[in-house]
Amino acid sequence: MKLIIAAIKPFKLEDVREALTTIGVRGLMVSDIKGFGAQSGHSEIYRGAEYEVNFVPKVKLEIVVPDELADQVVETIANTARTDKIGDGKIFVLDVETAVRVRTGETNEDAL
Amino acid sequence: MKLIIAAIKPFKLEDVREALTTIGVRGLMVSDIKGFGAQSGHSEIYRGAEYEVNFVPKVKLEIVVPDELADQVVETIANTARTDKIGDGKIFVLDVETAVRVRTGETNEDAL
Amino acid sequence: MKLIIAAIKPFKLEDVREALTTIGVRGLMVSDIKGFGAQSGHSEIYRGAEYEVNFVPKVKLEIVVPDELADQVVETIANTARTDKIGDGKIFVLDVETAVRVRTGETNEDAL
Amino acid sequence: MRLLKILPAATAVALLPTLGLAQDADVTPTNGEIGYILNTFMFIVTGILVFWMAAGFAMLEAGLVRSKNVTMQLTKNMALFGLAAILYYAIGYNLMYPGDGWTINGILGAFSPTSVEPVGLAGVETDLTYASVGSDFFFQLMFAAATASIVSGALAERIKLWPFLVFVLVLVGLIYPIQASWKWGGGFLNEMGFLDFAGSTVVHSVGGWAALTGAIILGPRIGKYNKAGKTVPIPGSNLTLATLGTFILWMGWFGFNGGSQLYMDTAANVADISRILVNTNTAAAGGAIAALILTQLLYKKPDLTMVLNGALAGLVSITAEPLTPSLGAATLIGAVGGVLVVFAIPLLDRFKIDDVVGAIPVHLFAGIWGTLAVVITNPDASLIVQVKSIVVVGVFVVLASTAVWLLLKAIVGLRVSEEAEINGLDMSELGMDAYPEFHKG
Amino acid sequence: MRLLKILPAATAVALLPTLGLAQDADVTPTNGEIGYILNTFMFIVTGILVFWMAAGFAMLEAGLVRSKNVTMQLTKNMALFGLAAILYYAIGYNLMYPGDGWTINGILGAFSPTSVEPVGLAGVETDLTYASVGSDFFFQLMFAAATASIVSGALAERIKLWPFLVFVLVLVGLIYPIQASWKWGGGFLNEMGFLDFAGSTVVHSVGGWAALTGAIILGPRIGKYNKAGKTVPIPGSNLTLATLGTFILWMGWFGFNGGSQLYMDTAANVADISRILVNTNTAAAGGAIAALILTQLLYKKPDLTMVLNGALAGLVSITAEPLTPSLGAATLIGAVGGVLVVFAIPLLDRFKIDDVVGAIPVHLFAGIWGTLAVVITNPDASLIVQVKSIVVVGVFVVLASTAVWLLLKAIVGLRVSEEAEINGLDMSELGMDAYPEFHKG
Amino acid sequence: MRLLKILPAATAVALLPTLGLAQDADVTPTNGEIGYILNTFMFIVTGILVFWMAAGFAMLEAGLVRSKNVTMQLTKNMALFGLAAILYYAIGYNLMYPGDGWTINGILGAFSPTSVEPVGLAGVETDLTYASVGSDFFFQLMFAAATASIVSGALAERIKLWPFLVFVLVLVGLIYPIQASWKWGGGFLNEMGFLDFAGSTVVHSVGGWAALTGAIILGPRIGKYNKAGKTVPIPGSNLTLATLGTFILWMGWFGFNGGSQLYMDTAANVADISRILVNTNTAAAGGAIAALILTQLLYKKPDLTMVLNGALAGLVSITAEPLTPSLGAATLIGAVGGVLVVFAIPLLDRFKIDDVVGAIPVHLFAGIWGTLAVVITNPDASLIVQVKSIVVVGVFVVLASTAVWLLLKAIVGLRVSEEAEINGLDMSELGMDAYPEFHKG
Ligand SMILES: Nc1ncnc2c1ncn2[C@@H]1O[C@H](COP(=O)(O)OP(=O)(O)O)[C@@H](O)[C@H]1O
Ligand SMILES: Nc1ncnc2c1ncn2[C@@H]1O[C@H](COP(=O)(O)OP(=O)(O)O)[C@@H](O)[C@H]1O
Ligand SMILES: Nc1ncnc2c1ncn2[C@@H]1O[C@H](COP(=O)(O)OP(=O)(O)O)[C@@H](O)[C@H]1O
């Protein structure tokens with residue numbers, strides 16, 4: 001199984017979730033993160049003092065899927081989250097050794 | 001070493017933490033996440049308009065442990081977090097190459 | 001490529017980010033977490049009742065870098081985040097199989 | 001003038017400009033001044049209460065928008081009050097109360113800035129039967145500002161700051177005072193026999209009409225209605241603030257309706273004010289409870305945001321006639337208002353009119369209902385006249401607002417860019433997050 | 001009636017219903033009416049301040065519950081005020097102030113809805129020595145609502161909405177007014193010589209007793225006491241709101257105690273009101289500072305939530321007799337109240353009585369203390385009578401509330417399901433999160 | 001005294017202590033008492049409004065500090081008000097208003113605790129030309145507390161609780177009342193002809209000077225200025241609360257300035273009060289709008305926090321003379337205040353003076369401006385005298401505060417440890433998070 005980690009723009013979350021369910025993803029974890037990257041670094045003024053905004057709000061997805069589904073998931077996220085503007089985000093794939101469903105104790109593919 | 005990622009029901013956090021310490025886990029990272037899965041999808045009404053609640057609040061644990069402790073940790077989480085109700089959560093195990101304790105510079109097992 | 005996960009003290013975030021950019025890190029993900037570890041466990045009183053504070057606020061960094069940069073990143077974080085006080089945090093290194101930049105579709109090293 | 005207090009009484013009195021000194025040097029105040037003092041102080045107290053409503057609107061709206069638009073909403077509320085204060089002084093007040101200085105008799109008032117009594121009423125013949133111009137202006141000013149506050153809520157989360165503020169200038173400087181002069185200035189609607197005690201039509205429906213035209217011209221927020229045309233709820237970010245705002249408005253309304261009695265110089269007047277207060281309070285209660293029960297029945301779960309809107313609708317409903325109803329009648333009039341909003345909110349959504357805080361159901365629909373309801377308890381009211389007046393005011397405000405909105409749209413544009421709206425107006429327009437440390441998602 | 005202001009004075013006066021016109025047409029008001037106007041306006045102002053306390057309770061409670069139960073707490077506070085307003089009008093007021101219309105002399109008042117003076121006092125012989133019934137009803141109504149607010153805080157985070165609201169109906173419609181009639185309605189406790197100026201016993205202890213019985217019958221929140229029986233603190237979600245609520249209550253208390261002087265028609269009365277206000281203020285200060293210092297000494301760190309409770313306890317302590325104490329005595333009476341809560345809160349926990357906001361220590365314990373403290377500064381007070389009255393009221397309220405709680409428990413159940421409580425009442429009972437965007441954990 | 005209301009009128013009157021009974025038994029109040037009643041009630045109402053400002057400062061400051069220091073800021077605000085109430089009673093009031101009991105004539109007042117009129121004015125010869133001592137004390141007390149509130153904001157996020165509270169004791173017990181006696185107590189500044197109607201200098205600049213010396217001695221917050229010496233903004237955690245606080249202060253200011261007329265016993269006085277209110281309101285509007293436009297021009301984006309400071313600066317600017325200006329002049333005087341803060345805030349940063357909430361620009365700079373501006377509209381004012389008085393008060397407060405700050409620094413230390421400051425004062429000093437459930441970063 002693979003763990004797919006993706007940082008995307010927050011307003012794309014709903015579209016991505018929908019797109020993923022249509023290709024058979026049945027679960028995922030979402031967290032709000034502060035992203036640092038090429039998009040960062042514009043400056044704002046607060047009470048007359050200028051400062052750099054280094055972090056932009058992003059949403060992080062973590063999805064564990066069977067190996068054979070991994071590429072499709074990556075593609076789907078890439079296509080749905082793209083706005084062609086800087087800051088669209090990144091997708092990373094890691095290997096997962098075991099998966100367990102707490103409720104049933106099922107393991108690996110059956111747990112997803 | 002292994003990284004154990006678990007998504008569980010928030011109110012189970014304290015029990016799980018206690019159970020893990022008793023089996024020798026000396027540290028972990030906790031984040032609040034929005035979970036999507038089989039449990040999701042009931043509908044609510046706000047100002048007369050119905051909508052689907054796709055995400056349910058969950059807590060994510062990330063724990064790095066020596067290989068030999070991994071199975072026991074997974075088991076402990078699975079047993080403690082279980083309520084036999086849908087949405088109990090998932091546990092994933094990944095391989096970790098290196099670990100470092102910032103304060104001392106100790107590495108790997110000694111760092112945990 | 002490697003995924004470097006680090007839990008550090010929140011007020012060190014800015015220093016670490018700066019240090020990392022100087023050695024060529026061009027992006028990272030930051031999340032607020034509750035940390036449990038050796039530092040935890042002092043007690044407070046609320047409305048006359050004593051209780052243990054098991055979790056301390058920490059910041060989690062997740063950074064994907066080319067293999068050759070990994071060690072330097074770990075070192076840099078370790079040196080910058082260190083205060084020599086308990087609770088300085090931990091750094092973990094995992095292997096990453098694939099990376100994709102959503103905006104361009106570039107993959108792996110080019111995506112970072 | 002602090003020093004006075006430590007002077008012997010005699011000197012103190014001597015130092016005080018006392019109109020009555022002529023008649024009887026030894027009594028302060030003279031009988032002739034007492035009524036004037038009571039009327040004026042009544043306006044001061046009730047005017048301060050109506051001022052407080054500005055904070056109520058700000059909290060209600062800040063609580064019902066998403067956190068990414070809160071700083072903008074707060075900025076609009078602060079700015080609109082400031083501008084309203086200045087415009088109503090510069091133009092509004094005399095346009096609304098021309099006395100006999102009408103530009104067009106009964107239709108268009110006088111154009112001149114406001115000036116209040118000289119210090120110590122020095123060298124002026126004061127009409128002691130009413131209250132000081134200063135206190136009346138203070139009280140009236142707050143009504144003008146309230147009208148503008150109504151608009152800001154409905155158009156939240158997408159309208160640009162400056163075009164909105166320009167609209168406020170026109171609303172408070174021209175639209176509001178002109179139509180208000182028709183009734184309260186003694187204009188043609190008043191001649192017709194139109195009755196609107198504290199402004200269900202003159203204040204609330206006016207804000208409501210301006211909000212309605214604005215909401216239509218502006219269009220709904222991105223994502224409020226999905227492709228399928230279904231309404232996608234956009235929950236408010238902080239219901240505690242929304243509730244606080246509602247309590248503040250409720251409190252302020254005692255000044256709004258009570259002060260509209262205008263006189264507190266007789267037992268009858270003060271008894272009327274107390275009657276107005278109990279009716280105002282029970283109408284709000286009626287509206288809140290009606291919404292509570294109705295949402296429980298319709299949706300199986302009470303909806304707090306509807307209960308808040310219900311309380312406000314109850315208040316708007318009783319505003320046209322808070323004096324003549326009995327406590328029971330007032331409760332029912334308010335309850336009908338509460339029922340109205342519960343049905344009106346989804347109805348507006350059906351027409352894709354996106355009213356962020358429910359300002360249109362609360363101020364326009366309940367305002368119309370309240371204006372009609374006058375005939376139920378006040379024998380002097382005529383249904384035809386009430387309807388006519390509602391229509392006249394409605395048509396005028398809709399035409400005027402539409403003109404201003406379209407003009408602004410054509411010249412500078414009303415709406416922020418799609419990206420700005422998606423990222424939130426706080427960061428994109430103001431570069432300032434209302435809750436920078438808190439994690440949102 | 002706005003129009004009036006632009007008519008020539010003469011007409012204006014003519015239009016005004018003036019009782020005094022007969023006597024002397026040229027002066028408004030007539031001497032005979034001045035006292036009535038002042039008394040009535042005093043009730044209007046202080047009544048509005050007591051109304052404001054409803055917002056204070058709402059903010060205090062919203063701040064001291066967990067974020068997952070905030071919408072529910074706000075809904076309860078809005079709903080209870082609405083219901084109290086209606087019930088007190090329908091039954092409460094005349095049951096509490098039967099005049100000479102007692103059903104059972106000195107024990108059970110009259111059953112009839114409230115009606116206030118006709119518009120313009122038309123066609124009624126008005127007693128000009130007191131104030132308008134409307135203003136008195138307005139003022140008294142707010143006290144009844146306050147009693148209910150006290151209960152909602154103690155039972156937060158676990159009681160179902162509707163059973164709670166049914167209890168409120170009984171409390172405000174029957175329990176509160178019946179026992180209040182014994183003292184303030186001129187009933188047997190009053191005959192006995194019981195002294196309770198603004199209601200340490202009649203209002204606060206009544207809310208406190210109802211809260212206590214409710215808390216015991218309901219049982220503690222899940223997880224408040226662990227298997228080992230140790231108390232597990234459940235921190236409030238927003239101390240800023242809790243502090244705001246405390247400031248609001250402090251402000252409202254000036255109306256609560258000040259208005260209870262009932263008359264402002266003489267120099268002596270108004271001087272007494274000012275004396276009451278400074279005593280009320282200093283008692284609150286005494287309570288807050290006592291709690292500040294005591295928590296510093298006991299726990300090495302001051303506890304803000306205890307300081308807030310301390311200020312409120314100071315206010316409750318002085319409520320039974322805010323007039324006779326000197327400033328120094330008032331400060332001490334309040335300080336003792338502050339000390340009381342600091343010790344009482346952990347004490348209640350020892351008995352596993354889970355009072356979410358500290359309502360029982362603040363309103364019941366400090367209420368009893370305040371009622372006893374009357375004898376310290378008021379020579380007319382008798383300790384025995386004070387004790388007797390506390391007991392009589394306590395027994396009555398405990399029995400009555402227990403009956404209602406048990407009945408509700410038997411018929412519909414009082415408590416939400418364990419799962420609902422764990423997930424929070426907001427989502428499970430109302431499907432609405434008070435802070436939907438903010439991340440909590 | 002509730003019972004009274006159900007007695008027949010006759011008895012009721014009989015029971016009431018009425019000074020006037022001698023003259024004419026059948027009228028309550030007697031003519032002689034009316035002015036006294038009106039003056040006293042005016043102080044009661046305005047005093048309550050000024051009390052409310054304590055909540056305004058608390059919300060403003062809680063909103064402008066980081067979430068990790070909110071509990072501490074709330075604790076300081078609650079505690080300082082409590083201490084101020086007690087100290088001003090124990091020492092402050094008679095030190096400020098010695099009447100003819102000066103210790104050093106015109107320079108140092110009397111040392112004795114405050115005592116107000118006996119209950120029912122029993123057995124005292126009351127001067128009916130002013131108001132009750134109780135009401136005057138109530139009103140003045142709130143001013144003393146406001147002075148202390150000003151300091152707490154500027155020194156937030158780094159000063160220890162207890163040393164700060166000790167400073168408050170000295171400020172409210174000695175520094176404030178001594179210098180205030182020079183003007184309002186009838187001391188030498190008053191003899192000199194210094195004019196400061198409601199306290200731009202006597203109240204606001206005093207708080208400002210104390211804040212300035214404190215901020216300099218204390219030093220800036222860690223990280224406020226980076227190695228490069230550049231200012232690093234530290235955004236406030238909750239701008240909604242900051243806005244609420246500003247609205248509360250604005251409301252309270254109507255009491256602050258209006259009540260400073262001191263008399264409401266003639267048509268002239270009440271008309272003046274209303275004139276003061278409209279000027280106060282328009283000055284705040286001028287300040288807010290000036291800051292809005294100026295920040296738009298300077299930074300291309302309006303800065304809400306500056307708009308809030310601007311409104312407050314407008315209020316401070318008009319406080320020295322809210323009576324004589326015309327509406328137009330008042331608007332401009334306020335606007336200048338708004339402009340001042342926009343430039344002063346970055347200026348202070350240039351000098352590395354870290355003022356968390358902008359208290360120094362708002363209360364000190366605008367306070368000085370307002371004091372000078374008196375000469376523009378008040379012919380009785382002399383520029384030299386105004387300047388002299390500003391300097392005298394400034395020198396005294398700076399010297400006295402510096403002494404106290406340095407003493408405290410030497411003995412107990414003023415500042416929390418670096419670690420405590422970094423982790424936040426809430427957890428490190430109080431062990432209590434204001435928003436424990438919400439995720440921050
Ligand atoms: N090397 C990295 N490791 C982890 N996360 C990254 C990395 N680079 C970028 N990100 C995440 O992706 C987000 C978008 O990247 P950014 O460089 O801003 O734009 P783009 O994706 O268009 O190149 C960043 O905000 C950050 O959260
Ligand atoms: N494939 C997955 N990858 C990552 N997280 C998952 C996945 N499936 C489920 N989860 C997490 O586990 C939680 C519980 O899963 P769910 O399907 O709702 O119930 P159950 O665990 O009983 O099957 C989800 O809320 C989500 O956070
Ligand atoms: N085994 C672990 N797995 C994951 N995170 C850990 C682990 N041990 C510690 N951490 C994280 O590192 C932080 C610091 O560790 P701690 O033991 O408190 O101090 P130190 O790093 O000085 O040993 C913890 O708060 C936790 O977030």
Side-chain angles (χ1 to χ4, degrees), chain E residues 31-32 34-35 38 45 66-67 97 99 127 129-130 136 184-186 190 197 235 237-240 243-244 247 251 254 258 260-275 277-278 281-282 285 288-289 292 301-304 307-308 311 323-324 326-327 331 438-441, chain F residues 1-6 9 12-13 16-19 27-29 33-34 36-37 40-41 44-45 48 51-52 54-55 58-59 62 70-71 74-75 78-79 81-83 85-86 89 114-117 119-121 126 128 132 134-135 137-138 161 241 429-432 434-439:
Chain E
N31 284 338
I34 294 171
L38 292 172
V45 171
R66 286 164 292 182
S67 56
Y97 295 111
D127 164 11
T129 61
Y130 185 51
D136 183 62
W184 292 340
N190 187 69
F197 194 93
S237 54
N238 191 322
L239 298 188
T240 316
T243 305
L244 175 64
F247 272 117
M251 183 185 190
F254 294 130
S260 295
Q261 174 74 8
L262 306 181
Y263 290 85
M264 196 178 73
D265 58 356
T266 62
N269 275 318
V270 81
D272 282 355
I273 293 175
S274 64
R275 185 180 168 96
L277 259 53
V278 295
N281 188 64
T282 203
I289 298 305
L292 179 80
K301 289 175 177 178
D303 183 320
L304 173 61
V307 173
L308 301 179
L323 180 58
T324 55
S326 66
L327 275 160
T331 311
F438 297 93
H439 277 222
K440 311 161 206 90
Chain F
M1 291 175 68
R2 293 276 167 127
L3 178 53
L4 287 179
K5 79 163 60 79
I6 65 157
V13 176
L16 291 174
T18 312
L19 290 176
V27 188
T28 304
E33 295 188 4
I34 294 171
Y36 180 90
I37 295 172
T40 302
F41 189 54
I44 286 170
V45 171
I48 291 170
F51 162 83
W52 187 219
M59 293 302 110
V70 168
T71 305
L74 295 167
T75 307
M78 262 285 155
F81 187 86
L83 291 175
I86 295 168
Y89 138 70
T114 310
S115 63
V116 301
E117 290 87 354
V119 178
L121 294 175
T126 308
L128 291 175
S132 79
S135 65
F137 169 70
F138 184 70
L161 175 62
L241 293 175
E429 300 291 290
L430 303 175
M432 196 174 294
Y435 311 111
E437 295 178 39
F438 297 93
H439 277 222

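Lettering follows sequence order; numbering is per chain, from 1.
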*Just checking, any donor-acceptor pair under 3.5 angstrom between side chains of E/Thr331 and E/Thr282?*
yes

*Side chains of E/Asp136 and E/Tyr97: donor-acceptor distance under 3.5 Å anywhere?*
no

*Do E/Leu304 and E/Thr243 touch side chain to side chain, with heavy atoms closer than 4.5 Å?*
yes

*Is E/Arg275 close to E/Val270 at the side-chain level, that is, under 4.5 Å between some pair of heavy atoms?*
no

At a heavy-atom separation under 4.5 Å, does [X] approach chain E through its side chain, its backbone, both, or neither?
| X | value |
| --- | --- |
| F/Ala62 | side chain |
| F/Tyr89 | side chain |
| F/Leu241 | side chain |
| F/Ala58 | side chain |
| F/Phe138 | both |

Sort out for me which of [options] touches chain E most, counting heavy-atom pairs under 4.5 Å.
| options | answer |
| --- | --- |
| F/Glu117, F/Glu429, F/Met78 | F/Met78 |
| F/Val45, F/Ile34, F/Ile44 | F/Ile44 |
| F/Thr114, F/Ile86, F/Val70 | F/Ile86 |
| F/Tyr36, F/Phe81, F/Trp52 | F/Trp52 |

Minimum heavy-atom distance between [X] and [Y], given as atom pair plus value:
| X | Y | value |
| --- | --- | --- |
| F/Ile37 | E/Met264 | CG2-O, 3.5 Å |
| F/Pro436 | E/Pro235 | CG-CB, 3.9 Å |
| E/Asn269 | E/Tyr263 | CB-O, 3.1 Å |

*Sequence-distant partners of F/Ser132, side chain to side chain donor-acceptor pair (under 3.5 Å), two or more places apart*: E/Ser274, F/Ser135

*Mind checking side chain to side chain donor-acceptor pair (under 3.5 Å) for E/Ser237 and listing every partner two or more places apart, or none if nothing turns up?*
none

Top contributor to chain F interface from [options] [non-hydrogen pairs under 4.5 Å]:
| options | result |
| --- | --- |
| E/Ala288, E/Ser326, E/Ala285 | E/Ala285 |
| E/Leu38, E/Asp303, E/Leu327 | E/Leu327 |
| E/Leu244, E/Leu308, E/Val307 | E/Leu244 |
| E/Ile273, E/Val278, E/Thr240, E/Asn238 | E/Thr240 |

